[in-house]
**Student:** 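This is the structure I have questions about; it appears just below.
Just so it is clear, the values below take in all heavy atoms, side chains as well, and ignore hydrogens, waters and symmetry mates. Chain A is the first sequence line, chain B the second, and so forth, proteins listed ahead of strands; every chain is numbered from 1.
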Amino acid sequence: MAYDYKAIEQKWQKQWAEEQTFKAKQPQEFEGEPKPPFYVLDMFPYPSGAGLHVGHPLGYIASDIYARYKRHSGYNVLHPQGYDSFGLPAEQYAIQTGQHPAKTTETNIKRYREQLDKIGFSFDWSREVRTSDPKYYKWTQWIFIQLFDSWYDEAEQKSKPISDLVQIFEKEGNTEVEAVCNEDSVQFSAEDWKAFSKDEKEQHLLNYRLTYLAETEVNWCPALGTVLANDEIVNGVSERGGHPVVRKKMKQWSMRISAFAERLLSGLDNLDWSESLKETQKNWIGKSVGALVKFKIQNSKFGISAFTTRPDTIFGVSFVTLAPEHDLVTQITTPEQKEEVDNYIKAAAKRSERDRMADVKSITGVFTGAYAEHPLTNKPIPIWIGDYVLASYGTGAVMAVPCGDQRDHDFAKHFNIPIPNVFEGIDISEEAYTDKSNATKIANSDFLDGLGVLEAIPKAIEALAKIGAGEKKINYRLRDAVFSRQRYWGEPFPVYYVNGLPKMIDEQHLPLELPEVEKYLPTEDGAPPLGRATEWAWDTEANLVVSNDKIDHNTIFPLELNTMPGWAGSSWYLFRYMEEQNNRDQHIASDEALKYWNNVDLYIGGSEHATGHLLYSRFWTKFLNDRGVLPVDEPFKKLINQGMILGESAFVYRYKASGGEGRIKNDIYTTYDFVRSIKKELSKSKNIFIRENGIFDKDNNIIDSEIINKYSSILKKIYSLGQSNMLIMERSFDPIHVDVSLVNTSNQLDIEGLKSIKPEFKEAHFITEEDGKFIVGREVEKMSKSKFNVVNPDDVCEEYGADSLRLYEMFLGPLEQAKPWNTAGLSGVHNFLKKLWKLYQDEDQLLVSDEPASKESLKTLHKTIKKVTQDIEDFSFNTSVSTFMICVNELTQQKCHAREILEPLAVLISPYAPHIAEELWEGLGHSESISEVPYPKFEEKYLKEDSKTYPISFNGKMRFTMDLSLDLSKDEIEDIVMKDERTQKQLEGRTPKKMIIVPGKIVNIVG
RNA sequence: GCUCGGAUGGUGGAAUUGGUAGACACGUUGGACUUAAAAUCCAAUGACCAUUGCGGUCGUGCGGGUUCAAGUCCCGCUCCGAGUACCA
């Protein structure tokens, strides 16, 4: 029987599904001691309308190999899959077509599932999750309620129930408690608290809750009609669609992730993640240690706090700068300066993030007219505003030390503010001195004089603290995350409003399901799409969603109109998989299940989630751990980012007539070689003119060059298609993408095929090479529909089979590296599978024999076991595929058909190419699936060598090799090597100065 | 600007602690089989020189260095990619 991959793959995919081969067991299902658990997870996909391309399964294949390997190694493996099914594209499609996003999503999921099934993954589909399923988002809403019901105890670094905080407030007010809270919260005593009305108490508690409703400055994206979190903005524009983003104050739900900054940072140390990913998160959290310095404002009851990392330069302060958005600005500005300041604030607010970033160079600012007081010298310090100060970092105020900070220096110079120098022997007239090494000595600074930076910092803080003007402070760049989205297709908040204050729906009445709306757009008066729902009010007595016209603000109240962001559902999904479908009603997952599975042992996905999903899910995990819901405080122990698979785009080159000459009726397309050669010629002659009587350069001389002569017939053909004199210059050829499926492995274009599927090419002329072939140009780009370079895994499975696809994706290169997809290489791995097959059977019979294997074959096998096992542990899948190739090549050479070799080989290869492995295993006479057969054990004894082929080097250069016994001593080796005539020839009579002999490695003769 | 990666044949990429650079595969060329093609098999394939054979020189982005020995370690650069960006 020949290797019939189609039949084999269909057969086993069907069998795995029917027998639920890859269903993970819950701990209680074991009789006796449960197997050790191992949890392998992929970042679940958003089911987009475009379907999968070959880049998507890369990570899935890698994790599948690892999951299967772990099953062979005796683990109970949890390897689930699901869908992150809330999201923008389905909603945009709904806006355009009116089709309910749930319907689009369902269709797309079906397509994804079909594509995934064809690749033979060992997913446990019985545990599938979909974030848009009410049974799932019930628990997303539940977690939201828990966050609302919690505050953060800074002293213990732990989230606690809000009822504990209420007790503290009753006893001592909020003056003593170390709780993370909004900066604008005011102090109150126990008496104050007791005197507060119910609503006032609620209002104060919102300042402490881990999710809170507050008027905050948000990133508003008008084009998408929604706010965006910081991680959803790239280079000042929205990550999706690249739309501009402006700053706007809005009442929004926020997540107090900043409370967890320190734990999110220090927790990284214990994670097995790539350094670059940890680095990205570290930068995002942005911890800096310094001091908070308080300045009094002259003739004012207000004061300014500014964060600085250089309290040692406190005597160098010559002005203070506030962000234009700073609350104090309007309060302290003097009447004389008011107009100028107001204008500046208006202008600054109008500028989008992008504009502000675009001209970092220009220095702008305005003097407020007010003066602060230096805390140590009591000298007046002018207060300025400037948009180089960000409202969102620190306190939105900078104590400017122009001698020690370049931006302050630039600002001071620009506005002629004095630049006092506090560094001993340093010239700061041209630029600031930013070096922080301890060798620098502080000067002109009273009690700090002569101290190094490191000694001066604590001393300065101490002096400031003594007079109540400062304290040590750690500042984080990480901001609280905006959690509201003005969209339809997301989780509804389980929130209704009484007197404008948010109330949670009781847990037992969840889920609060998305209402129907007739359109998915915002309402005419700018409310989110849920504002269009007619049934969107909460009846607090019946505990039901009821019609809006029943709202009486007595027992029936309006519901929240925003929905949750995409990262809500993905922040905890890993724990949902731990529970089986029919046990999911009462909890996220049972305590036994959570305890047994713990967290994800191996997580594979794209690096684009470094600061979004991966940070938020760490936050939620820590929170749920604090509140006793989860037994772990990190979600993902080991994480690998798979590299992107790039597409190899194909180009034809359209001749573009220029200057009104040579107008062309139908497009003319030329080949890569032609364009490349002509461009080379153009680098010499600038312009080329084709006329009736020949080809000329710009001075009207006939061009006689190799290239022109070679292509003269093509040039004349182009001429004949045009209408008059033709000019060819550098920019005469536009590269145009053509569909890669119409290009064969030798880069030849199927012109007729192109014309038949793309009408715009129908009338076009394609100028082929002499041999009639049309060769396209190729370039590596990101795989995308618009570049016509997408390769669909279905097509690969059809032509070569899933096992070939799996092997090839791994063979392409290191998992974490970006690499181009080149279809030509597929035949190599496919041939390998055919060769493997032939070891077991030929056309009509099984070749496997029970004869003992040769020593050689055993060596080949064990060499392979050793290398492949090591490679899997190192996630070096590309090298294990070549190891298999070497193994099969050797066994073929040895004509090995011994069962003793072929059985373990089938197991070894089954994680990589599971279909063929199952088929071979069955052919060997086994009735059970190969998936849990114990992994072959490596035995050193088969690799024992008694001789080694030594490279014999002279001055470090290898000249020849010698087979020598490994038992020989250094002296004996020296003896034999020196006697060899080739050695004598190399030495040409010289006596070696030195001989380096490393037994088992190398011989190097110096001299 | 800063941080982190990376640079090896025509191509994708191998190369334990420094120890035979280019494994494996693609592509290309030649050959066998075939009426022919496909498939399969065999051989060659870093560049250059030499060639009857033996062989030699250069070679892992560039310039230095350490070492018996450097793709690998050190110093200085160039280019490419990713992240981040007025962070006080």
**Student:** If you assign Met958(A) and Tyr808(A) each to the RNA chain B nucleotide with the nearest heavy atom, which residue ends up on the more 5' nucleotide?
**Tutor:** Met958(A)

**Student:** Hey, are the side chains of Leu833(A) and Phe884(A) touching, using non-hydrogen atoms and a 4.5 Å cut-off?
**Tutor:** no

**Student:** Does OP1 or OP2 of A88(B) have a side-chain N or O of Arg477(A) closer than 4.0 Å?
**Tutor:** no

**Student:** Go through the side-chain N and O atoms of Asp410(A) and Gln406(A) and say whether any donor and acceptor fall under 3.5 Å apart.
**Tutor:** yes

**Student:** Distance alone, cut at 3.5 Å: any donor-acceptor contact between the side chains of Tyr476(A) and Ser258(A)?
**Tutor:** no

**Student:** Is there a side-chain contact between Glu262(A) and Lys287(A) (heavy atoms, below 4.5 Å)?
**Tutor:** yes

**Student:** Counting heavy atoms not belonging to Lys866(A), are there more than 12 under 6.0 Å from its NZ?
**Tutor:** no

**Student:** Base, sugar-phosphate, or nothing for Lys994(A), non-hydrogen atoms under 4.0 angstrom?
**Tutor:** sugar-phosphate

**Student:** For G12(B), does either OP1 or OP2 sit under 4.0 Å from a side-chain N or O belonging to Lys819(A)?
**Tutor:** no

**Student:** Please report the distance, rounded to the nearest Å, between CG in Leu805(A) and P in A25(B).
**Tutor:** 20 Å

**Student:** Below 4.5 Å, heavy atoms only, C-beta onward: do Val401(A) and Arg310(A) meet side chain to side chain?
**Tutor:** no

**Student:** In whole Å, what is the span from the CG atom of Leu646(A) to the P atom of A82(B)?
**Tutor:** 10 Å

**Student:** With rounding to whole Å, what would you report as the distance between C4(B) and C62(B) at their C1' atoms?
**Tutor:** 22 Å

**Student:** Using Watson-Crick and G-U wobble pairs whose two distances are both under 3.5 Å, how do you write the pairing of RNA chain B as dot-bracket, with | for links to another strand?
**Tutor:** (((((((..(((......[....)))((((((.......))))))((((.....))))..(((((..]....))))))))))))....

**Student:** Expressed in whole Å, how much space separates the C1' atoms belonging to G30(B) and C48(B)?
**Tutor:** 22 Å

**Student:** For a quick check, tell me whether the side chain of Lys282(A) and the base of U84(B) share a donor-acceptor pair closer than 3.5 Å.
**Tutor:** no

**Student:** Under 4.0 Å between any heavy atoms, over every strand shown, what does Asn831(A) touch: base, sugar-phosphate, or nothing? Just pick one.
**Tutor:** sugar-phosphate

**Student:** In whole angstrom, give the distance that lies between atom CG of Asn878(A) and atom C1' of C26(B).
**Tutor:** 15 Å

**Student:** Starting at OH of Tyr388(A) and ending at P of C86(B), how long is that distance when rounded to a whole Å?
**Tutor:** 13 Å

**Student:** Give the residues of residues 284-295 of chain A touching RNA chain B, defined as any heavy atom closer than 4.0 Å, sorted by residue number.
**Tutor:** Ser288(A)

**Student:** With rounding to the closest Å, how many angstrom separate the P atoms on A15(B) and G64(B)?
**Tutor:** 29 Å

**Student:** Does either side chain, that of Glu816(A) or that of Ser274(A), offer a donor lying less than 3.5 Å from an acceptor on the other one?
**Tutor:** no

**Student:** Taking atom types as modelled, is there a side-chain donor on Asn822(A) or Tyr808(A) under 3.5 Å from an acceptor on the other?
**Tutor:** no

**Student:** State yes or no: are the ring centers of Phe319(A) and Phe411(A) separated by less than 6.0 Å?
**Tutor:** yes

**Student:** For Asn789(A) and Ser649(A), which I'm curious about, is there any donor-acceptor pair between the side chains at under 3.5 Å?
**Tutor:** yes

**Student:** Show me the protein contacts with nucleotides 2-7 of chain B, counting only N or O atoms at under 3.5 Å.
**Tutor:**
{"residue": "U3(B)", "atom": "O2'", "partner": "Glu279(A)", "partner atom": "OE2", "Å": "3.4"}

**Student:** Is a donor from one side chain sitting under 3.5 angstrom from an acceptor on the other, for Ser804(A) and Tyr5(A)?
**Tutor:** no

**Student:** Is a donor on one side and an acceptor on the other found under 3.5 Å between the side chain of Lys278(A) and the backbone of Leu268(A)?
**Tutor:** yes

**Student:** In this structure, how many angstroms lie between the P atom of C68(B) and the CG atom of Asn1004(A), rounded?
**Tutor:** 10 Å

**Student:** For RNA chain B, whose closest nucleotide is more 5', that of Ala818(A) or that of Ala397(A)?
**Tutor:** Ala818(A)

**Student:** Starting at atom CG of Leu615(A), determine the distance to atom P of G83(B), rounded to an integer number of angstrom.
**Tutor:** 17 Å

**Student:** Whole angstroms only, please: what is the CE-C1' distance between Met810(A) and A25(B)?
**Tutor:** 16 Å

**Student:** Any cation-pi pair here, Arg618(A) with Trp273(A), using under 6.0 Å and within 45°?
**Tutor:** yes

**Student:** In terms of side-chain heavy atoms of Pro814(A), which of C26(B), G13(B), U84(B) is nearest?
**Tutor:** G13(B)

**Student:** Considering just the side-chain nitrogens and oxygens of Asn889(A), establish if one lies under 4.0 Å of OP1 or OP2 belonging to C24(B).
**Tutor:** no

**Student:** Please report the distance, rounded to the nearest Å, between CZ in Phe411(A) and P in A88(B).
**Tutor:** 18 Å

**Student:** Please determine if a side-chain N or O atom of Arg959(A) lies less than 4.0 Å away from the OP1 or OP2 oxygen of G56(B).
**Tutor:** yes

**Student:** When the C1' atoms of U57(B) and U66(B) are compared, how many Å lie between them, rounded to an integer?
**Tutor:** 25 Å

